Amino acid sequence: MLRAGALFTTGVSARAGVAEPSKITALNIIARRRIYQEYHYYMAELISRMTHFPETIFSTMTRLAQERGAINLGQGFPDESGPESMLRRAQEEIARGNNQYAPGRGFTELREAVAADRGGFYDPETEILITVGATEGIAASILALVEPGQEVIVIEPYYDEYAAIIALAGANMVPVPLDENLRPDIPAIREAITPKTAALIINTPHNPTGIMFSLAELQAIADLAQEADLLVIADEVYEKFGFDGRRHAKIAELAGMKERTVTVSSAAKMLSVTGWKTGWVMATKEHIDAILMVKQYLSFVGVSHVQPAIAAALREEQEWIADLGRRIERRRDILRDALEKAGYPTYGAEGGYFIVADVGQDAEEFCLGELVDKGIVGIPVSAFVSSEVGKTRFSRLVRFALCRPDADIEAAVNLLVN
Ligand code: PMP
Ligand code: GLN
C-alpha cells in the first residue's frame with residue numbers, strides 16, 4: 001500500500017496526507033508525476049483499475065517546457081494548421097449550419113474519402129467508422145472486442161493509451177519489448193501468447209521510436225495471429241510519413257488478415273489538425289458493428305463540421321500531405337545530425353513523428369537535468385515502458401518530436417551542438 005509520507009520527504013507538506021498537485025511547484029517533474037499518482041490513490045472516487053496511472057507524460061512535459069521556457073520537442077503536435085482549402089471548408093460548414101449531430105457512422109462523404117484513400121480495400125457503407133480521434137477508435141475497439149480477464153499483447157515501448165484502456169476493459173496487458181536493435185521481437189511475441197490472449201496491438205510507423213514494421217515483420221506477426229486466432233489492432237495514425245522512400249505496409253492487407261484486423265487512423269497527424277479530434281476505424285462489418293455499439297455510448301457520434309472538410313482534403317490535398325512528410329523528413333535529417341554530433345547515437349525515425357537518441361545515461365535524469373538546462377524538452381522513453389526488461393533496455397533513450405517548426409528544430413540544433 002502506498003503511504004503519503006514516503007513521497008513527501010523533499011519538503012512538500014502534505015495537508016491531511018494529500019498534496020494538491022496544482023500547488024506543487026518546487027519538485028522535479030517525475031516526482032510530481034508520482035505525486036499525481038499518489039494523489040489519485042487518495043481520490044476516493046477513482047476506480048482501483050486507474051489508480052496506478054499518473055498524469056500522461058505529454059501533459060507533464062509540455063508544462064515543463066512552458067515553465068522553463070524550453071523548446072518543446074516532447075509532446076507530438078504540429079504548430080501549423082493543415083491545408084488552407086480544408087480550413088476554409090470547415091468554416092463554410094459552420095456558416096452553412098452543419099452544427100448538429102453527425103450520422104452515427106460518420107458522414108458518407110468522409111467514409112467514401114477514407115475508403116478511396118485506402119485504395120478501395122474497405123466498403124464505406126459497412127467497414128468504416130468515424131471516431132473522435134484515433135484515441136476513441138482504439139478505446140472503442142478494445143472495449144468492444146476484449147473480454148475482462150483476457151490478455152492483450154502490446155509491443156513495448158507503447159503509446160500510453162493502450163495500457164489505460166486495457167485496464168478499463170478489465171483485461172491484462174502483456175508488454176513485449178522491441179529487441180536490442182529496436183525491431184519487433186517475433187520469438188518473444190510467440191512466447192507471450194497464452195490461451196487467454198485475445199489481441200495484439202501494433203503501431204507502425206511507431207510511437208515513440210519511429211521504426212516502420214517491414215513487410216516480413218508484419219507477415220511474421222500475421223502468421224502468429226492466425227496460428228493463435230488473435231485479433232490484431234493496427235494503429236496507423238502516422239501512415240502517411242515514411243522516410244527514405246519507405247512505404248507504409250498494412251497488416252490488414254496480408255492474406256487472411258482482413259477478417260482479424262481492426263485498423264485505426266486519424267486526420268490529426270496526416271492533416272495537422274490534432275484539435276479536430278477526428279479519426280476512423282476500418283475493419284470487417286462484424287467488427288465495425290460491435291465497435292459502433294460501444295462508440296455510441298462513448299461519444300455518440302463524431303464532430304460534424306470538420307468531416308466534409310477532411311473528406312475534401314483526403315480527395316484533393318494528397319500533395320500537401322506528401323509535402324508535410326518531406327518537411328518532417330528534412331527535420332529528421334537535421335536533428336539526427338545534431339544529436340549524433342552531440343554524441344548521442346540515434347535510432348528509429350524511419351517514418352512518423354519521432355526520433356530516439358541514446359543519451360548514455362538514465363534518460364529521466366537527463367531530460368530533467370542536462371537537457372532542460374540546455375533549453376530543450378524531450379521525453380524519456382521509459383514513460384512508454386512497464387516491463388522489467390524494457391525498463392533496462394530502453395532506460396537511456398529519449399524521444400524527440402520532429403513535427404515542430406523549423407525555427408524550433410534549428411534552435412534545438414544550436415543548443416545541442418554548441
Ligand atoms: N496512436 C498513436 C500512436 C498516437 O501517437 C496518437 C496521438 N496522435 C494517437 C493514437 C491518437 O490520435 P488522435 O489524436 O487522432 O486521437
Ligand atoms: N501522440 C502525441 C505524442 O505521442 C500526443 C498525444 C497526446 O498528447 N495525448 O506525443
Side-chain angles (χ1 to χ4, degrees), residues 33 53-66 72-79 81-82 106 110 114 129-142 154-166 178 201-213 233-241 248 262-282 295 298-299 302-303 306-307 310 313-314 324 328 348-356 367 377-385 397-404 408:
R33 281 188 94 215
F53 289 95
E55 176 188 55
T56 85
I57 189 72
F58 310 114
S59 308
T60 308
M61 295 315 251
T62 289
R63 195 174 47 243
L64 177 67
Q66 285 162 353
N72 188 357
L73 301 185
Q75 191 176 21
F77 65 94
D79 276 26
S81 300
L110 179 53
V114 169
L129 172 65
I130 306 304
T131 54
V132 181
T135 304
E136 189 198 39
I138 291 162
S141 301
I142 294 170
V154 302
I155 311 289
E156 188 181 59
Y158 51 82
Y159 185 57
D160 61 352
E161 182 199 1
Y162 311 153
I165 302 297
I166 292 166
L178 292 172
I201 304 181
I202 63 169
N203 168 219
T204 178
H206 185 243
N207 181 3
T209 65
I211 65 161
M212 290 176 76
F213 288 33
I233 298 176
D235 178 347
E236 302 186 355
V237 299
Y238 301 105
E239 63 176 297
K240 297 290 184 182
F241 310 132
H248 169 64
V262 170
T263 301
V264 182
S265 193
S266 170
K269 304 298 159 79
M270 68 175 78
L271 288 162
S272 291
V273 280
T274 57
W276 284 14
K277 292 309 305 178
T278 298
W280 38 89
V281 179
M282 298 159 284
K295 183 259 186 307
L298 293 178
S299 61
V303 182
V306 300
Q307 292 190 32
I310 293 167
L314 285 179
L324 173 61
I328 297 173
E350 296 174 338
Y353 251 30
F354 307 107
I355 188 167
V356 287
C367 286
V377 162
I379 292 187
V381 168
S382 57
F384 308 91
V385 165
L397 296 183
V398 175
R399 185 192 89 169
F400 296 94
L402 302 169
C403 51
R404 316 304 299 164
D408 280 9

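Since we're looking at a predicted model, the values are computed, not measured. Just follow the structure's listing: the first ligand is 1, and inside any ligand the first atom is 1.
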- Residue portion contacting ligand 2 (non-hydrogen atoms closer than 4.0 Å) for F354: side chain

Report, in ascending order of atom number, the atoms of ligand 1 lying under 4.0 Å from any heavy atom of [X].
{"X": "Y159", "result": "1 (N), 2 (C), 3 (C), 4 (C), 5 (O), 6 (C), 7 (C), 9 (C), 10 (C), 11 (C)"}
{"X": "N203", "result": "3 (C)"}
{"X": "K277", "result": "13 (P), 14 (O), 16 (O)"}
{"X": "G133", "result": "15 (O), 16 (O)"}
{"X": "A268", "result": "14 (O), 15 (O)"}

Minimum-distance protein heavy atom relative to [atom]:
{"atom": "atom 7 (C) of ligand 2", "value": "F58 CD1, 3.4 Å"}
{"atom": "atom 1 (N) of ligand 2", "value": "K269 NZ, 3.1 Å"}
{"atom": "atom 16 (O) of ligand 1", "value": "T135 OG1, 2.5 Å"}
{"atom": "atom 6 (C) of ligand 2", "value": "Y159 OH, 3.3 Å"}
{"atom": "atom 5 (O) of ligand 1", "value": "Y238 OH, 2.6 Å"}
{"atom": "atom 12 (O) of ligand 1", "value": "A134 CB, 3.5 Å"}
{"atom": "atom 3 (C) of ligand 1", "value": "D235 OD2, 3.2 Å"}
{"atom": "atom 15 (O) of ligand 1", "value": "S266 OG, 2.6 Å"}
{"atom": "atom 8 (O) of ligand 2", "value": "Q75 NE2, 2.7 Å"}

- Task: Please check if any side-chain donor atom of E236 sits under 3.5 Å from a side-chain acceptor atom of S265, or the reverse.
- Result: no

- Message: With nothing but distance in play, are any N or O atoms of G76 less than 3.5 Å from an N or O of ligand 2?
- Response: yes

- Does T274 reach ligand 1, in the sense of a heavy atom lying below 4.0 Å from it? no

- Query: Parallel under 30°, tilted from 30 to 60°, perpendicular over 60°: which one fits the rings of Y238 and F354?
  - Reply: perpendicular

Sub-3.5 Å donor-acceptor pair from the side chain of [X] to the main-chain atoms of [Y], do we have one?
{"X": "S272", "Y": "A268", "answer": "no"}
{"X": "T274", "Y": "F77", "answer": "no"}
{"X": "E350", "Y": "M212", "answer": "yes"}
{"X": "T135", "Y": "G133", "answer": "no"}
{"X": "N207", "Y": "T209", "answer": "no"}

- Note on the structure: Y238 heavy atoms within 4.0 Å reach ligand 2 at atoms 1 (N)

- Heavy-atom closest pair (P157 atom, L178 atom, distance to 0.1 Å) is CD-CD1, 3.9 Å

- Query: T278 and V132: side chain to side chain contact (heavy atoms under 4.5 Å, CB included), yes or no, with the steps?
  - Reply: CA-CA 5 Å; T278 298; V132 181; over 6 Å; no

- To the nearest 0.5 Å, what is the distance between CG (L73) and SG (C367)? 10.5 Å

- Within 45° cone and under 6.0 Å: R404 NZ/CZ vs Y353 ring: no

- Message: Against ligand 2, does M61 come closer than 4.0 Å with any heavy atom?
- Response: no

- Judged by non-hydrogen atoms, does N207 sit under 4.0 Å from ligand 2? yes

- Is any side-chain heavy atom of I166 less than 4.5 Å from a side-chain heavy atom of I142? yes

- Message: Do I355 and L402 make a side-chain contact, defined as non-hydrogen atoms from C-beta onward lying under 4.5 Å apart?
- Response: yes

- Counting heavy atoms only, which of K269, M270, E236, E136 is nearest atom 7 (C) of ligand 1? K269

- Item | Close N or O approach (Y162, ligand 1; < 3.5 Å) | no

